[in-house]
Amino acid sequence: MTPRSWVPLVGIMVVLLASCAVAVPAQEAANPGVLRIATTTSLYDTGLLDQLEMMYENASGVDVQITAQGTGQSLDTARRGDVDMVLVHSPTLEQQFIDEGYGINERCFAYNNFLIVGPEADPAGIKNMTPEEAFKTIYIAGTNKTAGVFFVSRGDDSGTHNREQQIWKTAGYNYTEDIQDSGAWYLETGSGMGETLTVANQKNAYTLSDIGTFLAFEKQLNLVPLVTEGDQLLNRYSAIAVNPEKVPGVNINEANNFTNWITSNDTKEFIGNFGVEEFGQPLFVPLYAPECTEPPFNCTCAEPVNATA
């Protein structure tokens with residue numbers, strides 16, 4: 001072999017070594033002292049998650065790092081391997097995440113309700129209707145340019161936005177064809193629940209909100225609850241760990257430890273009391289077996305998860 005023939009061989013070896021160097025970080029073991037959680041904004045905006053974070057850090061010594069996003073964004077963050085688990089509230093999106101192989105050990109831990117809130121004058125006249133009747137009435141009034149009728153949507157692929165789309169569908173509308181871009185009456189913020197409520201308040205508009213965030217912001221708003229009952233308004237919260245076989249490098253042990261902790265009776269008791277002193281009612285209702293396994297919840301809320309899975 002001539003000296004010159006070594007040149008391309010050396011070049012190939014350098015490239016291979018560089019490739020290995022780039023690949024190593026993605027395979028590094030998770031930091032056992034850090035737990036990364038992506039969460040729906042409603043848990044964050046109510047202040048509940050701040051309390052749970054502090055409690056778990058004090059009990060475990062683990063550094064809990066929170067990313068507050070809509071449910072769809074949280075699940076995408078988990079797919080990229082940027083978090084170890086998610087706390088979310090959209091059963092349809094959650095099931096898709098699990099079916100794709102990204103999510104494991106799902107446990108529901110609490111629920112509350114969605115509300116349709118709006119101006120006290122209620123220009124569309126939806127008070128005490130079913131959610132589907134209310135949406136249909138708002139659509140007809142909005143597209144007919146009835147004075148004062150606006151609807152503000154999160155428009156962010158969150159659990160709340162997903163539920164809004166389901167209600168439009170049940171009311172007989174195709175969301176992308178009939179609702180989006182259907183006129184000035186319908187606005188999308190692309191933001192979390194707190195900011196969306198603020199925009200709805202500024203516009204004196206209707207919106208769909210979880211009751212927890214509404215109560216947390218109520219003193220800053222002129223909006224009032226107008227539709228509070230209906231099967232479509234149930235809002236279930238779940239913890240899901242990221243599958244380490246699908247996304248290497250996640251801290252599955254600590255994700256399972258946190259899941260066991262948030263579904264424990266002591267933590268559920270705290271969740272059930274959160275907000276009572278300030279708002280006169282809990283912002284979230286804890287779920288217990290066997291109630292959680294039955295309609296309308298249809299989930300698992302007990303059975304400790306193996307921390308070494």
Side-chain angles (χ1 to χ4, degrees), residues 24-69 71 73-89 94 97 102-110 192 212 216 237-278 282-289 292 299-309:
V24 168
Q27 303 300 323
E28 286 181 355
N31 185 339
V34 175
L35 175 64
R36 304 165 300 164
I37 303 176
T39 177
T40 170
T41 61
S42 55
L43 290 172
Y44 187 80
D45 287 346
T46 57
L48 174 63
L49 207 58
D50 284 339
Q51 295 297 314
L52 294 179
E53 177 184 359
M54 180 177 62
M55 290 167 61
Y56 188 73
E57 287 184 336
N58 289 339
S60 67
V62 171
D63 177 17
V64 179
Q65 300 177 357
I66 304 292
T67 301
Q69 302 171 306
T71 289
Q73 293 174 311
S74 292
L75 294 174
D76 284 341
T77 299
R79 287 183 178 97
R80 295 192 299 269
D82 292 335
V83 293
D84 307 304
M85 67 180 300
V86 294
L87 303 175
V88 287
H89 68 137
E94 292 164 27
F97 181 70
Y102 287 101
I104 57 174
N105 301 334
E106 180 180 28
R107 296 291 185 271
C108 54
F109 59 91
Y237 291 86
S238 297
I240 309 175
V242 180
N243 185 356
E245 294 183 4
K246 185 78 170 182
V247 186
V250 299
N251 190 350
I252 186 61
N253 286 346
E254 204 53 53
N256 288 341
N257 287 337
F258 184 89
T259 298
N260 290 338
W261 178 80
I262 201 171
T263 56
S264 68
N265 288 339
D266 287 346
T267 306
K268 286 181 179 179
E269 182 179 359
F270 176 83
I271 291 172
N273 290 324
F274 182 78
V276 173
E277 183 175 346
E278 183 174 356
L283 302 191
F284 303 89
V285 180
L287 276 167
Y288 296 92
C292 62
C299 59
T300 301
C301 60
E303 301 176 16
V305 180
N306 183 356
T308 59

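Note that the structure is a prediction, hence the values are computed from the model and not measured. We number each residue from 1, following the sequence as shown.
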With a 3.5 Å cut-off and sequence neighbours excluded, list the donor-acceptor pairs that the side chains of residues 54-64 form with protein atoms.
from, atom 1, to, atom 2, distance (Å)
Tyr56, OH, Glu254, OE2, 2.3
Glu57, OE2, Val64, N, 2.9
Asn58, ND2, Met54, O, 3.2
Ser60, OG, Tyr56, O, 2.7
Ser60, OG, Val62, N, 3.1
Asp63, OD2, Gln65, NE2, 3.1

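Considering all non-hydrogen atoms of both residues, Cys301 and Ala289 come closest at SG-N, 3.3 Å. Counting all heavy atoms, side chain and backbone alike, Glu94 lies closest to Ser238 at OE1-OG, 3.5 Å. The minimum heavy-atom distance linking Gln69 with Thr77 is given by the pair OE1-OG1, 2.9 Å. Closest non-hydrogen pair, Val247 versus Tyr102, comes out as CG2-CD2, 3.7 Å. The minimum heavy-atom distance linking Gln51 with Phe274 is given by the pair CG-CE1, 3.9 Å. Heavy-atom minimum distance, Thr259 versus Ala239: OG1-CB, 4.2 Å.
When side chains are defined from C-beta on, Ile104 counts as touching Pro244, because their heavy atoms get closer than 4.5 Å. Between Asn243 and Phe97 the shortest side-chain heavy-atom distance does not fall below 4.5 Å. Considering only heavy atoms from C-beta on, Leu49 comes within 4.5 Å of Ile66 through its side chain.
When atom types are taken as modelled, the side chain of Arg107 and the backbone of Ile240 share no donor-acceptor pair closer than 3.5 angstrom. The backbone N or O of Val250 sits nowhere less than 3.5 Å from a side-chain atom of Asp84 that would complete a donor-acceptor pair. The main-chain N or O of Val305 is found under 3.5 Å from a side-chain atom of Asn260 such that the two form a donor-acceptor pair. A distance-only check finds no donor-acceptor pair linking the side chain of Asn251 to the backbone of Leu35 [under 3.5 Å]. In terms of modelled atom types and a separation under 3.5 Å, the side chain of Thr71 and the main chain of Val88 share no donor-acceptor contact.
The SG atoms of Cys299 and Cys292 are placed at least 2.5 angstrom from each other.
Here the CZ atom belonging to Phe284 is positioned 5.0 Å from the CG atom belonging to Leu48, to the nearest 0.5 angstrom. Rounded to the nearest 0.5 Å, atoms OG1 (Thr67) and OH (Tyr44) are 10.0 Å apart. In this structure, the separation between OG on Ser74 and CE on Met85 is 11.5 Å, given to the nearest 0.5 Å. Summarising the geometry, atom CD1 belonging to Ile271 is positioned 11.5 Å from atom CG belonging to Asp266; distances are rounded to the nearest 0.5 Å. Here the CD atom belonging to Glu53 is positioned 12.5 Å from the CG atom belonging to Leu43, to the nearest 0.5 angstrom. In this structure, Tyr288 OH and Thr263 OG1 are separated by 10.5 Å, a value rounded to the nearest 0.5 Å.
Between Tyr237 and Phe109, the two ring planes are tilted [angle within 30° to 60°].
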Point to revise | Trace of the side-chain contact (heavy atoms from CB on, under 4.5 Å) decision for Asn105 with Asn256 | key: CA-CA 8 Å; Asn105 301 334; Asn256 288 341; 3.0 Å; yes

